[in-house]
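Read the structure below first, then the notes.
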Protein chains: 2
Amino acid sequence: MAFVTGFRRAIQKLTSLSVYQFSRRTTKRHVAGFILGTGIATFGTLTVAQMESSRRRKLNTSVYMAEPITDVDQLLTSEDDMKTKMELLILKIQADFCRALEAEEYAGQKFKVDRWLRNEGGGGITCVLQDGEVFEKAGVNISVVKGHLPPQAVQQMRSRGKKLTEGSKLPFFAAGVSAVIHPRNPMVPTIHFNYRYFEVIDTDGSKQWWFGGGTDLTPYYLDEKDAVSFHKTLKDACDESDLEYYPKFKKWCDEYFRITHRGECRGIGGIFFDDIDAPNQEKAFKFVSDCAHAVIPSYLPIVRRHKNDAYGERERQWQLLRRGRYVEFNLIYDRGTKFGLYTPGARYESILMSLPLTARWEYMHSPPPNSKEQKLIDILKNPKDWL
Amino acid sequence: MAFVTGFRRAIQKLTSLSVYQFSRRTTKRHVAGFILGTGIATFGTLTVAQMESSRRRKLNTSVYMAEPITDVDQLLTSEDDMKTKMELLILKIQADFCRALEAEEYAGQKFKVDRWLRNEGGGGITCVLQDGEVFEKAGVNISVVKGHLPPQAVQQMRSRGKKLTEGSKLPFFAAGVSAVIHPRNPMVPTIHFNYRYFEVIDTDGSKQWWFGGGTDLTPYYLDEKDAVSFHKTLKDACDESDLEYYPKFKKWCDEYFRITHRGECRGIGGIFFDDIDAPNQEKAFKFVSDCAHAVIPSYLPIVRRHKNDAYGERERQWQLLRRGRYVEFNLIYDRGTKFGLYTPGARYESILMSLPLTARWEYMHSPPPNSKEQKLIDILKNPKDWL
């Protein structure tokens, strides 16, 4: 048990260290730029030792898309707290993913960054790249929110099996990253992912926490090689923690992303999970971190394989119709969207950034039998195992 | 009281007569066509008296978009029943409206007609005109549905104040017409209307019934003259029944068609009401019938005024963004859509025909200050009295 605790602390150190290493590397670049810009006089005012110590004391936030939501001093004095670790993880995942997508654009299109704060506590960073050459609409959002759960929300959690005191307003903390990427070329699938951490403090002061998340792919045309490589990358990430995770969370994903009234799935799935609080907080965090780090390797190779594929009006129209289905799922069924929009004071622009730039609805549209469009529908109606 | 009952019966007769007169007029035309087509030999097999009697016995269903949902013999033997009267009303409203819209098209575009039946009882007629020159997507639907309300639906009705026995499965009947018209020209507003009748039989055999409905306008650019004429036509229809109806139902409409998360109304309103069961069934039916007959005079003059207005890419893009808001309202808030889609076995294509052909979502879009687009937003955020 002492070994496990020691091991856990070692992992904690490693995880927080990795953030520092990353920031140290890029700080150097930034300081160098600063030195080149202002000359030797500035350099002369700082000794190398002073720079080292200031680096150690300060979190280099310039690697993120914007300043963290939580005050940097507070993050630095609570580096072992899961709230801090999760905020630093999602800041990093957001920045890595946005930069990886920007690198695929040809004309240097960049994400527009909005950092926003909530009156009730916390805030978020919303990054949107709209009307790019490769990405028609790409949204990557993080939020770090604290406040008090109203009794109805507590009741809802109780109904999901959480042991919380009924009828009370309980303090909570939630941090998460979520993204939806709608590419322009219909041969490139849409990807969605979301990783989140939740804490509630009960009336007796005891804390409950859990993680949730998932990554899933929505192609417009089915490429079996893409489907296999996508699922394989997610499975490898899951297998690091538990061999039972991938099959369980793959199934959960197929069940969750279902457009019930049409009897079809939104896409070809991936993984989806919630209420992860085992085997312990560190391992659960490592699992979520592994999954979040698997997003780029699961998706970017597919983008590169297809972003220059030929397509015509037929493929574009089909893509727009499928985007209509995406809107149907998100606005009618998605728990996160609904919960978000029904929350007074919610930043609806960040919630609705998941919607495509353009979508289409045709009455009674049905693809020709045996067409490549019908091949996709067949898979969406009967999700299969890809591995 | 005897006078009131006598008067009510007289109105009942008048209402059912009007349907027969209408069908008799058009029957004549059809029989004439038949005679011309097949010649004297056919004429010789039918005496005038036989034709009169067959006309009296048969409802001329050829004036509708399709055969009624209820068996014609049953309709003819229950002509005083409100179920019959409502079915005949919505069949007529649907046909009148579809033909009025078709007459506005230049190249003879026609509605596609789907008559469908439900396994659980009843069915509907869905008429859609898609990709017309004047109407980009126009859907006009009727449904006549019977079955048993599950206990949860009964519970929901009880929470709305209906006195029904808890925990029972109760027989119900519902008939309604609904339409959403999305024109191509951004200077022509979208219209929506819906008129419906509902009956539930309680465990003791007692019947409860009520009407609901409304008509509302969603312009892309504000034309105050249109707004005033639209509201005036609806007010006149309401005033026939009760001078308090228009102000009450205008307010209800502004409150109902609200995109809460954006703090704006879907459009410039109209009228909306539910649970109308006073002063008596005949008068309530007459009120609903007056409102339904006011749709064409409220809308068609606006279509004619603007269908040839000049517009450019800016107006088209704004129209598509506003259509995105329309989708948000319909999929997130509209009770009818949600109730419909959550009902197992619902005909989702008929429910979703209300969605526009194309819609657009831009992150953080906001029209330039003092622009004509901003002028619309100002009204949507603060609905005003037009009369």
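The basis for the numbers below is simple: all heavy atoms, side chains too, and nothing from hydrogens, waters or symmetry mates. Below, chains carry the letters A, B, ... as their sequence lines are ordered, and counting in each starts from 1.
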Structural part of [X] lying under 4.5 Å from a heavy atom of chain B:
X        : result
A/Leu357 : both
A/Gln130 : side chain
A/Ala359 : both
A/Leu321 : neither

Exercise. So what's closer than 4.5 Å to chain A heavy atoms on B/Leu341: side chain, backbone, both or neither?
Worked result: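 Answer is both: backbone and side chain atoms of B/Leu341 are under 4.5 Å from chain A.
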Exercise. Quick one: what part of B/Asn330 sits under 4.5 Å from any heavy atom of chain A, side chain, backbone, both or neither?
Worked result: neither
For this session: Looking only at non-hydrogen atoms, find the nearest pair between A/Tyr363 and B/Met353 and report the distance.
Result: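 Looking at all heavy atoms of both residues, the shortest contact is CD1-CB, 4.3 Å.
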For this session: Check B/Glu349 against A/Arg262 and note the closest heavy-atom contact, atom names and distance.
Result: OE2-NH1, 3.9 Å
Exercise. Between B/Thr337, B/Asp131, B/Asp114, B/Leu320, which has the largest tally of heavy atom pairs under 4.5 Å with chain A?
Worked result: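 Most pairs with chain A among the choices: B/Asp114.
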Exercise. Taking the side chain as C-beta and beyond, is there a heavy-atom pair between B/Thr260 and A/Tyr342 under 4.5 Å?
Worked result: no
Problem set entry | Straight-line distance of A/Tyr333 OH to B/Leu331 CG, nearest 0.5 Å | 10.0 Å
Exercise. Between OG1 of B/Thr358 and CD of A/Gln317, what distance do you get to the nearest 0.5 Å?
Worked result: 7.5 Å
Problem set entry | Pair B/Glu328-A/Leu352, side chain to side chain contact (heavy atoms under 4.5 Å, CB included): steps then yes or no | CA-CA 10 Å; B/Glu328 283 177 32; A/Leu352 297 177; 3.5 Å; yes
Exercise. Sub-3.5 Å donor-acceptor pair from the side chain of A/Lys137 to the main-chain atoms of B/Trp361, do we have one?
Worked result: yes
